[in-house]
Structure formats: structure tokens, C-alpha cells
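Below is one structure, written out as C-alpha cells; comments come after it.
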Amino acid sequence: MSDSGPGLTARMAGGLADFSAADWDACAGTDNPFVGHAFLSALEDAGCAQPRAGWQPVPIVIDGPDGRPAAIAPAYAKSHSQGEYVFDHGWADAFERAGGQYYPKLQIAVPFSPVPGPRLLTRDPALRVPLVNAIAAVVDRLGLSSAHATFVAEDEVEIFEAAGWLIRADRQFHWTNDGYASFDDFLAALASRKRKAIRKERAAAVQGLDIVHLTGAQITEAHWDAFWLFYQDTGARKWGRPYLNRRFFSLLSERLGDRVLLMLALRDGVPIAGALNLIGADTLYGRYWGSTEDVPFLHFELCYYQAIDAAIARGLSRVEAGAQGSHKLARGYAPAVTWSAHYIPDPAFRRAVADYLEAERAAVAEDIEELDEMTPFKKG
């Protein structure tokens, strides 16, 4: 238990199993599927976000006068820095060289998901400040090295900063729907040379293939078996071994239903590649992709162009296609700032990190400014 403000007491829970879906989602809302009970409980129940994997769920909760959770931070005690996409390995090395113990640390995040969204889940927005205070109190009372809230929503940045957390900036590439009625409408906004290049890529990518979009009950276990092969191949190349297991995808499909969009490329009816997306209130979130054939431009087609098609068809405002990837720029995805917040009690370590982050933020801002000039859209 920790004090989080006048008349308020915070507690640490043992995971999503300690909450009903209704109580959790009353705080999380339904706009962003990644912070909902369905997604996070699927990670836990499949054994992906569990202590043996280095992700011990310890949600930090403030209960309301009605005895139900009124504010929740999706928190994890971490024994490593994998699966976070905001890299602090250098910080860990420096802290331990100075004689400190960096792990366990506290991570406020959606495991394995570089997706911006709320990290201070509340029924009453006024509880966001007490919740930040409660997170810091947990770190102080347990003697942890630090707390890290990664991919926080932009409107939460000032709350963390006002509480004394250090702010880190990075960038992703997001596509914005400027009221387009069709993919051709989007192409019309691009410079002629870029427009022709995309049309050529799309034609080459789908030659001899059929592309299907599946949601809800349309997705069968056979589809997930195929996608699991694709995901394993990509995961092995990126991370050494995949973060997720086969059971997770079945649970995801079962619990999120029509908010899951699976795109498959079929050759003679057999899936050879796939891309998994989640559908939010105004955003399509691209997450995982893989293939068993090396088809030129198929990655761009399934992950970027088909995502744009799907977003336009659904009237969504954005496509967020995951971390990194400057190759997205030529496909109409523009640079966007992502934010994280870091609580570091040790004064000397905090000063060193603060200096580093100040220089890094300036470099990120300069990088985004340069990239903005390189987008494929018509100038002037």
C-alpha cells in the first residue's frame, strides 16, 4: 500500500486475473485495444507476460469510494529490458558499473507492443496525478532503481513531467487519413513520381496472389496456424526467439473478436504471408507480419498499403504501423513523435540521464524536421 494523495491509497494487484473485464475497462476505456482487459489478459493467460518470462504483472490501483478500481497503471516488475522498444540497456550497464542494481525495475507499458496510448487508466482524469505519485511511491518504498512509462499518450506527458519524471522522445511513422474516399484519392495527394512508384510496387506484390481481410469468426484456427509460422520466422530474425506463443493468438481472436483484422496473401488458396492488425476507435494498429515466400514488395503491400485501404474503408483517422522503419516514409507514412517517461530516484544517475535525454530530444526533433521534408506528398 502507498499514499497517493489526500484520502487516497494505492495498492499493487497480482495481474489481470484480479480484475473483472468490466472493472478494468471502466478505467481503460475502449478506444485503444492494447490497454484493454482482453489484450492484456491474453498475454498473461497465454504465459507471455509472466514472471518466468521476466514480466511480473503488478498493476498499481487506486480504488474509488464504491470499492471498485478508479485508476490503474498497467505495471510490470522487469528483470531485463527485452520486449520494450525503448532501449535502456546502456542505462542499466552504467548504473551497475557504478555499483547499483538496475533490475528489477518497474515498467508501465503494454508488453511487446510499441503502441502509443494511455498508461494512466482512470474513470476520473483527476486521478492521473495521484496515480503517477503512487507509481513513484512504489519505487521508493521497494528500493527499485527506476520506473519507466513507455509509449505514453501525448496528453499524459505533461502529467509525468510535472511530477518530476524525465521525458524521452523518439519517432515512428504514421499514416494520416486526410478525408480520403479511396486509395486512389490518397495517391492523388502524392507527387507524380511517387504515385507511379507505389502503383508499380502494388502490381508487382500481388501478381499471382489473392489478398483477403478476415475479422472475428472469419478467422479460424487454421488461419492462426498459418500466421504462427509467419510470425515465428519474423520473430526469430528480429529477436532471436519470438516473444509470443501460439496460444496467445487464439486467445486474442477469442477475446477481441471483430477488433482483430488478419490480412493474408494466398497463392492458389494457400496462405504464404500475413499481417495482423488491431482496430481501435480511430486508428488501425499494424503489429506483426511474416511470410514463407520471398515476394518483392509483399511486405509493403500487406503491412502498409492494405492497411491504408482498410483504414479508409472503415473511416479511421490513422494507421500506426509499429516501430522504426524509415522505408515507410516513401509509402505515405509521416514521422510522428512518441514519448516515454522515466522516474529515477538516484540523484547522480538522474542528472546523467537528464543530460542524455536533453541532447536526444533535440536530435529527434531535428530528425523529424528533416524527414518531414522528404514525404512523398505534393509540395506547396
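What's counted below: heavy atoms across the whole structure, side chains too, no hydrogens, waters or symmetry copies.
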Legend entry - Test side chain to side chain contact (heavy atoms under 4.5 Å, CB included) applied to Asn32 and Tyr285, step by step: CA-CA 9 Å; Asn32 186 308; Tyr285 300 95; 3.4 Å; yes
Legend entry - Same apolar cluster (I L V M F W Y, side chains within < 4.5 Å links), Leu187/Phe297: yes
Inset, instruction - Report yes or no: does Glu44 contribute a side-chain atom to a donor-acceptor pair with the main-chain N or O of Pro57 at less than 3.5 Å? - result: no
Inset, instruction - Check whether any side-chain N or O of Asp258 sits under 3.5 Å from a backbone N or O of Ile279 as a donor-acceptor pair, and report yes or no. - result: no
Inset, instruction - For Glu221, look at atom CD and say whether over 12 heavy atoms of other residues, nucleotides or ligands are found less than 6.0 Å away. - result: yes
Inset, instruction - Could you pull out the closest heavy-atom pair between Val35 and Ala28, with the gap in Å? - result: O-CB, 3.4 Å
Inset, instruction - Indicate if Phe248 and Leu229 have the same hydrophobic cluster label, given that clusters are the connected sets of ILVMFWY residues with side-chain heavy-atom separations under 4.5 angstrom. - result: no
Inset, instruction - Check whether NZ of the Lys or CZ of the Arg Arg119 lies under 6.0 Å from the centre of the six-membered ring of Phe160 and within 45 degrees of that ring's axis. - result: no
Legend entry - Donor-acceptor contact present, side-chain Lys194 to main-chain Gly332, <3.5 Å: no
Inset, instruction - Consider only side-chain heavy atoms of I, L, V, M, F, W and Y, link residues closer than 4.5 Å, and tell whether Leu166 and Val139 are in one cluster. - result: no
Inset, instruction - Hey, could you give me the CG/CG distance between Leu262 and Leu302, rounded to the nearest 0.5 Å? - result: 9.5 Å
Legend entry - Interatomic distance, Trp339 atom CH2 to Glu156 atom CD [nearest 0.5 angstrom]: 13.5 Å
Legend entry - Verify same cluster id: Phe349, Ile167 (apolar side-chain graph, 4.5 Å): no
Legend entry - Rounded distance [0.5 Å steps], CG in Leu16 versus CG in Leu43: 8.5 Å
Legend entry - Non-hydrogen atoms of Ala188 and Arg195 that approach each other most closely: O-NH1, 3.9 Å
Inset, instruction - Could you tell me whether the side chain of Gln218 and the main chain of Thr215 form a donor-acceptor pair under 3.5 Å? - result: yes
Legend entry - Asn245 (side chain) donor-acceptor with Ala46 (main chain) under 3.5 angstrom: yes
Inset, instruction - Begin from the C-alpha positions of Glu96 and Tyr103 and carry the test side chain to side chain contact (heavy atoms under 4.5 Å, CB included) through to its verdict. - result: CA-CA 9 Å; Glu96 294 187 353; Tyr103 304 108; 3.8 Å; yes
Inset, instruction - Anything under 30° is parallel, anything over 60° is perpendicular, the rest tilted; go ahead and classify His299 against Trp289. - result: tilted
Legend entry - Exam field: side chain Arg68 to backbone Gly64, donor-acceptor pair closer than 3.5 Å: no
Inset, instruction - State, with a plain yes or no, whether a side-chain heavy atom of Pro74 is found less than 4.5 Å away from one of Val110. - result: no
Inset, instruction - Check Leu284 against Ala310 and note the closest heavy-atom contact, atom names and distance. - result: CD2-CB, 4.0 Å
Inset, instruction - Tell me, with the steps shown, if Ile60 and Leu131 meet side chain to side chain contact (heavy atoms under 4.5 Å, CB included). - result: CA-CA 8 Å; Ile60 297 171; Leu131 187 56; 4.3 Å; yes
Legend entry - Which atom of Val364 lies closest to which atom of Ala169, heavy atoms considered: CG2-O, 3.5 Å
Legend entry - From CD1 (Ile198) to OH (Tyr304), nearest 0.5 Å: 12.5 Å
Legend entry - Residues Arg168 and Ser340: side-chain donor-acceptor under 3.5 angstrom: no
Inset, instruction - Check whether any side-chain N or O of Ser291 sits under 3.5 Å from a backbone N or O of Ile272 as a donor-acceptor pair, and report yes or no. - result: no
Inset, instruction - Report yes or no: does Thr122 contribute a side-chain atom to a donor-acceptor pair with the main-chain N or O of Asp124 at less than 3.5 Å? - result: yes
Inset, instruction - Could you tell me whether the side chains of Asp88 and Tyr102 share a donor-acceptor contact shorter than 3.5 Å? - result: yes
Inset, instruction - If the plane angle is over 60° it's perpendicular, under 30° parallel, otherwise tilted; pick one for Phe227 and Phe249. - result: perpendicular
Inset, instruction - Give me the ring orientation class for His342 and Trp91: parallel if the planes are under 30° apart, tilted from 30 to 60°, perpendicular past 60°. - result: perpendicular
Inset, instruction - Among Trp228, Trp224, Tyr231, find the one that has a ring pair (Phe, Tyr, Trp, His ring centres under 6.0 Å) with Tyr288. - result: Tyr231
Legend entry - Stepwise ring pair (Phe, Tyr, Trp, His ring centres under 6.0 Å) check, Tyr180 with Phe186: CA-CA 6 Å; Tyr180 304 122; Phe186 155 63; 5.6 Å; yes
Inset, instruction - Kindly check if the number of other-residue, nucleotide or ligand heavy atoms within 6.0 Å of CG (Asp355) is above 12? - result: yes
Legend entry - Neighbour count >12 (heavy atoms, 6.0 Å) for atom CD, Glu358: no
Legend entry - NZ/NE/NH1/NH2 to OD/OE distance under 4.0 Å, Arg246 and Asp225: yes
Legend entry - Shared hydrophobic cluster for Leu261 and Leu251 (ILVMFWY, side-chain gaps under 4.5 Å): no
Inset, instruction - Provide the closest heavy-atom pair for Ala38 versus Ser41 in the form atom of the first, atom of the second, distance. - result: O-OG, 3.2 Å
Inset, instruction - Return yes if some donor-acceptor pair links the side-chain N/O of Ser113 with the main-chain N/O of Pro111 below 3.5 Å, else return no. - result: yes
Inset, instruction - Calculate, to the nearest 0.5 Å, the distance between atoms CZ and NE2 belonging to Phe19 and His37 respectively. - result: 8.0 Å
Legend entry - Name of the residue among Asp63, Asp25, Asp66, Asp23 meeting salt bridge (charged side-chain N to carboxylate O under 4.0 Å, His left out) with Arg123: Asp66
Legend entry - Nearest heavy-atom neighbours spanning Ile368 and Ala336: CD1-C, 4.4 Å
Inset, instruction - Would you give the length of the straight line joining atom CD1 of Ile344 to atom NZ of Lys105, rounded to the nearest 0.5 angstrom? - result: 10.5 Å
Inset, instruction - Apply the test side chain to side chain contact (heavy atoms under 4.5 Å, CB included) to residues Tyr343 and Asp140: give CA-CA distance (whole Å), side-chain angles for both, the deciding distance (0.1 Å), then the verdict. - result: CA-CA 10 Å; Tyr343 177 69; Asp140 293 342; 2.9 Å; yes
Inset, instruction - Identify the residue among Gln107, Gln56, His148 that makes a side-chain contact (heavy atoms from CB on, under 4.5 Å) with Lys78. - result: Gln107
Inset, instruction - Applying side-chain contact (heavy atoms from CB on, under 4.5 Å) between Asn277 and each of Arg259, Arg287, Met263, report the one that passes. - result: Met263
